[in-house]
Amino acid sequence: MRHSDFTVLLDPETGYLCHQTPVRAGADELVEPVRQMFVDSMESFGYVGFSHAIDETFHRRSTYNYVTAPDGRVVMTCRITPREPGTIVPFEMGLREDGSSYRLDGDSRVVDINTYTYVPGHYEIAMPLLVAGLGQFAKEWGAAEAYCLYDMANDRIKRAYLSVRFVLSSRFPEPVHFPTFGRRVDCHLEPTRWRVMEWSADTIEAHAVSATERYRAGRPEA
C-alpha cells in the first residue's frame with residue numbers, strides 16, 4: 001500500500017496532500033511510522049510514559065489523518081478516533097484532581113483528535129489542509145462534537161488549536177492527567193495536566209466546507 005491509496009484532499013497550489021488511512025484497512029506499514037512520529041516528538045520534548053499497550057485501545061479504531069509534502073514526506077500527523085457504542089475517547093481515561101473521570105453520554109456521537117505533531121517549516125501550508133480533512137471526516141461520520149487535549153504548559157500548541165477554532169470546553173473545564181504519562185522532574189514523574197478543547201457541530205461543518213471550497217478531492221493526477 002501507498003499513502004496515495006488513501007489521499008482524500010489535494011492542495012492544487014502547493015501539491016500537498018491530505019490522507020486518511022484507517023487502521024482497520026490493514027495498512028500497518030503506513031500508519032505505524034505516522035504514529036511513531038508522534039511518539040518520537042513527545043520524547044524529544046521530554047515526555048515519558050507513552051504506552052503502546054494503552055494506546056492500542058484507540059489506535060485500532062482510529063483513522064490517521066496526515067499530510068505529505070510534494071516530495072512524499074509525511075510532514076504533519078494526527079489521528080481521529082470515533083467514539084463508537086461501548087467505547088471511550090482518551091480524555092475519559094484521564095483523572096481530575098479528585099481522582100474521578102469525565103464521562104460522556106453513552107450515545108454521544110463524537111470524535112477525538114489526537115497524536116498531533118508536525119515537521120517545522122510546513123505548518124502554514126499543512127495545518128489548514130489537515131484541519132479540512134479532519135472536518136470532512138467528522139462531518140461524514142456524523143459527529144456532533146470533536147474533542148482534543150492540550151498540555152497546559154504548552155502555550156504554542158494552545159495557540160495552534162485556537163487558530164483552527166478549537167475552544168476551551170465549558171462542559172469539561174477541569175484539567176485531567178494520566179498517572180503514567182508526564183515529565184521527569186527531580187527524579188520523579190510529574191504527570192502532565194491537560195485541558196479539554198472542543199469543536200461544535202457548526203465548527204465541524206465550517207471546516208468540512210473548506211475542504212470542498214479550498215481543496216480538490218481525491219488523488220493527484222498521474
key: Any donor-acceptor N/O pair, Asp40 side chain to Met37 backbone, under 3.5 Å   = no

query = What is the distance from atom CG of Asp112 to atom CG of Leu149, rounded to the nearest 0.5 Å?
reply = 6.5 Å

ask   = Are the side chain of Arg96 and the backbone N or O of Pro175 linked by a donor-acceptor pair below 3.5 Å?
value = no

message = Quick one: does any side-chain atom of Thr77 pair with a main-chain N or O of Thr115 as donor and acceptor, under 3.5 Å?
response = yes

key: Note: Glu13-Arg214 ion pair, threshold 4.0 Å (strictly below)   = no

task = State, yes or no, whether a side-chain contact exists between Pro90 and Phe58 at a heavy-atom distance under 4.5 Å.
result = yes

message = Tell me every residue that passes ring-ring contact (aromatic ring centres under 6.0 Å, His included) with Phe91, counting only those two or more places apart in sequence or in another chain.
response = Tyr147, Phe172

query = Does Arg79 reach the side chain of Val31, with side-chain heavy atoms less than 4.5 Å apart?
reply = no

request  = Report the distance from atom CZ of Arg195 to atom CE of Met152, rounding to the nearest 0.5 Å.
outcome  = 6.0 Å

ask   = Okay, side chain of Gln20, backbone of Gly133: is any donor-acceptor separation there less than 3.5 Å?
value = yes

message = Do Leu95 and Ser101 have side chains that approach each other closer than 4.5 Å (heavy atoms only, starting at C-beta)?
response = yes

query = With a 4.5 Å heavy-atom cut-off, do Tyr16 and Met76 have their side chains touching?
reply = no

Test item: Tyr150 and Arg159 side chains (from C-beta on) under 4.5 Å apart, heavy atoms = no

inquiry  = Using side-chain hydrogen bond (donor to acceptor under 3.5 Å, both in side chains), reason through Arg73 and His122 one step at a time and then give a plain yes or no.
reply    = CA-CA 11 Å; Arg73 288 188 301 150; His122 298 269; 3.3 Å; yes

ask   = Just wondering, do Val196 and Arg171 contact through their side chains at under 4.5 Å, heavy atoms?
value = no

ask   = Do the non-hydrogen side-chain atoms of Phe6 and Tyr64 ever get within less than 4.5 Å of each other?
value = no

query = Mind checking whether His3 and His19 have parallel, tilted or perpendicular rings, split at 30° and 60°?
reply = tilted

request  = Considering only NZ, NE, NH1 and NH2 on the basic side and carboxylate oxygens on the acidic side, decide whether Glu145 and Arg83 come within less than 4.0 Å.
outcome  = no

query = Hey, is the main chain of Val23 close enough, under 3.5 Å, to the side chain of Arg60 for a donor-acceptor pair?
reply = no

ask   = Checking Glu92 side chain against Val89 main chain: does a donor-acceptor pair fall under 3.5 Å?
value = yes

inquiry  = Just checking Arg103: does its CZ atom have more than 12 heavy atoms from other residues, nucleotides or ligands closer to it than 6.0 angstrom?
reply    = yes

query = So do the side chains of Asn65 and Cys18 get within less than 4.5 Å of each other, counting heavy atoms only?
reply = yes

query = Could you state the interatomic distance from CG (Leu129) to CG (Leu17), rounded to the nearest 0.5 Å?
reply = 7.5 Å

query = Within the side chain of His177, is there an N or O that forms a donor-acceptor pair under 3.5 Å with the backbone of Arg193?
reply = no

message = Return the CG to OG1 distance between Leu189 and Thr180, rounded to the nearest 0.5 Å.
response = 7.5 Å

query = Does the separation of the ring centres of Phe166 and Trp199 fall below 6.0 angstrom?
reply = yes

query = Salt bridge check: are Lys158 and Asp155 linked by an N-O gap of less than 4.0 Å?
reply = no

ask   = With respect to Tyr116, which candidate in Tyr161, Tyr123, Tyr66 satisfies the ring pair (Phe, Tyr, Trp, His ring centres under 6.0 Å) definition?
value = Tyr161

